[in-house]
Protein chains: 2
Amino acid sequence: MSDAHDAGFQVTGTVRPGGRTSRTREAVHHAVRELMAMHNGEPPEIPEVAARSGINAATIYRRWRTRDALVLDVAVADVNAASPVPATGDLRTDLLAYTRRLVETFARPGGLGFVNALTTASRDARIGTDRVRELVQPRLDRFQEMLDASGTTELSPLDLVLLILGPAHLGATLGLIEPDHDVAARLVDSVLDVAAGRRLRAAGGG
Amino acid sequence: MSDAHDAGFQVTGTVRPGGRTSRTREAVHHAVRELMAMHNGEPPEIPEVAARSGINAATIYRRWRTRDALVLDVAVADVNAASPVPATGDLRTDLLAYTRRLVETFARPGGLGFVNALTTASRDARIGTDRVRELVQPRLDRFQEMLDASGTTELSPLDLVLLILGPAHLGATLGLIEPDHDVAARLVDSVLDVAAGRRLRAAGGG
DNA sequence: ATCTTAACGCAACCCTATTTGCATGAGCGC
DNA sequence: GCGCTCATGCAAATAGGGTTGCGTTAAGAT
């Protein structure tokens, strides 16, 4: 009754992280990525992952417990592995680089799957809000750096998350985005319009 | 091989729509709403719905086939039952009324569940893009009316969907929205800033 | 009122995800 | 290299979602 399972999911930081354990982890992660890419972002079932990775299903169940936790683990690993876009000091340039990559990621087969895993996890108390924050917070920090570098005070990192990730996510999810139209630029310009509007309002009065 | 199941989901428009059939439908819908509200928007399992509604599980499976299709059916029914906000001619007023209701809906227990059902359905080819469009298109039309009434040409209905529904959805999903802060007003003002920005840009020089 | 048959309830059945006990293999500290 | 465990594989057992055949109930038409 007091084993690791009660405290949540170990997933990482195990007592014996190297060698075989590490290889198992990579094999499973790899299979998850492939399966999600070919199933349109749908979280794969554990037996499927087991078959493709060559890792016994019982092992996967013991280490990750549930599908959602497994997918989220892969998502966290991927995002943490991605190199951040640099903050040049020009907000439009920075946001554009970021947004383009985001849109491209969403458009990739199964690219939405990991965001969906995140949203699913955020409404599941068992997986934990902290694991969600683990993904969101670095994004907020990254945006703050961009804002600082360009000296923008009219926008908060939260604004950027909502106004860029929000539309990009919904548009990709519902298939509302035409590939020929440069959505990234349009989104970034919208955000800059918002900043300009607030700047004017602050200067005008109020 | 040629029964109704192959063509998709009947769900409505059955040969015998009244009386018992209608009561069954209402009982099941009611149970789904309650269960989603108490499970934080998680789609309930069919046996659960059966137990709570008093309708036999086999009946539910026969009429709706899958969890996702059932939840989506409830979502469509709810949205269609909601009275639309009137278009007064003042874009800010109209958008504000719409957005406030939206944010409030999302904040309600399980309020996100139906949007999630929609997004889930949109990536599931079996449920059908037409049923998704059945929900999205009236929203687009509604926005178009608001734009027409106010004479706004800088924004498209799609812009409004992306810039209002997108941030509202993501913010609610990830729990990024503080209740005391008037998110609806902030979102609407952002959209108006975008419109103003485009207006200026068009006037200044293509 | 009667008839036809769609819609339903019931219960047995199937399928597959998930769990669990036990034996084996392999990190990692010594 | 040796030994202590953790991590894994294997296979049997479990559980619960989903299906199906059949008898019953009750719309809706005449």
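A, B, ... follow the sequence lines: proteins, then strands. Residue 1 opens every chain. We use all heavy atoms of the structure for the numbers below, so side chains are in, but hydrogens, waters and symmetry mates are not.
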Distance criterion of 3.5 Å, no angle test: do you see the side chain of B/Arg62 paired donor-to-acceptor with the base of C/dG9?
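Per atom types, the contact qualifies.
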
Any donor-acceptor pair, under 3.5 Å, between the side chain of A/Arg20 and the base of D/dT8, if you only look at N and O atoms?
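There is none.
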
Could you work out which one of C/dC8, C/dG9, D/dT8 sits closest to the side chain of A/Arg63?
D/dT8

Counting side-chain heavy atoms from CB outward, which of D/dT8, C/dG9, D/dA27 is closest to B/Arg23?
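Out of D/dT8, C/dG9, D/dA27, the nucleotide with an atom closest to B/Arg23's side chain is D/dA27.
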
Can you tell me if the side-chain N/O atoms of [X] get under 4.0 Å from OP1 or OP2 in [N]?
X	N	result
B/Thr59	C/dG9	yes
B/Tyr61	D/dT19	no
B/Arg65	D/dG18	no
A/Thr21	C/dG27	no

When the distance from [atom1] of [X] to [atom2] of [N] is rounded to whole Å, what number comes out?
X	N	atom1	atom2	result
A/Ile60	C/dA17	CD1	C1'	13 Å
B/Ile55	D/dA26	CD1	P	12 Å
A/Asn56	C/dA26	CG	C1'	16 Å
B/Asp68	D/dG17	CG	P	15 Å

Contact residues, residues 38-47 of chain A to DNA chain D [heavy atom, < 4.0 Å]
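Per residue number, the list is empty: none.
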
Between B/His29 and B/Asp78, is there a side-chain donor-acceptor contact under 3.5 Å, judged purely by atom types and distance?
no

For B/His30 and B/Glu26, test the side chains for any donor-to-acceptor distance below 3.5 angstrom and give the result as yes or no.
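There is no such pair (donor and acceptor under 3.5 Å, judged by atom type) between the side chains of B/His30 and B/Glu26.
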
Do the side chains of B/Asp159 and B/Arg198 get close enough for a salt bridge, i.e. N-O under 4.0 angstrom?
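Result for this pair is yes, salt bridge flagged.
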
N-O pairing of B/Glu145 and B/Arg142 below 4.0 Å
yes

For A/Ala57, which contact category applies under a 4.0 Å heavy-atom criterion: base, sugar-phosphate, or nothing?
nothing

Remember a base hit wins even if backbone is also touched, and classify A/Arg67 as base, sugar-phosphate or nothing at under 4.0 Å, heavy atoms.
nothing

Quick one: does any side-chain atom of B/Thr119 pair with a main-chain N or O of B/Asn116 as donor and acceptor, under 3.5 Å?
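At least one qualifying donor-acceptor pair exists.
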
Inter-residue atom distance B/Met36.CE - B/Glu42.CD, 0.5 Å rounding
8.0 Å

What is the minimum heavy-atom distance between B/Gly89 and B/Asp94, and which atoms define it?
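So the two residues come closest at N-OD2, 3.5 Å.
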
Taking the nucleotide of DNA chain D with the nearest heavy atom to each, does B/Ala58 or A/Gly54 sit closer to the 5' end?
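This one resolves to A/Gly54.
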
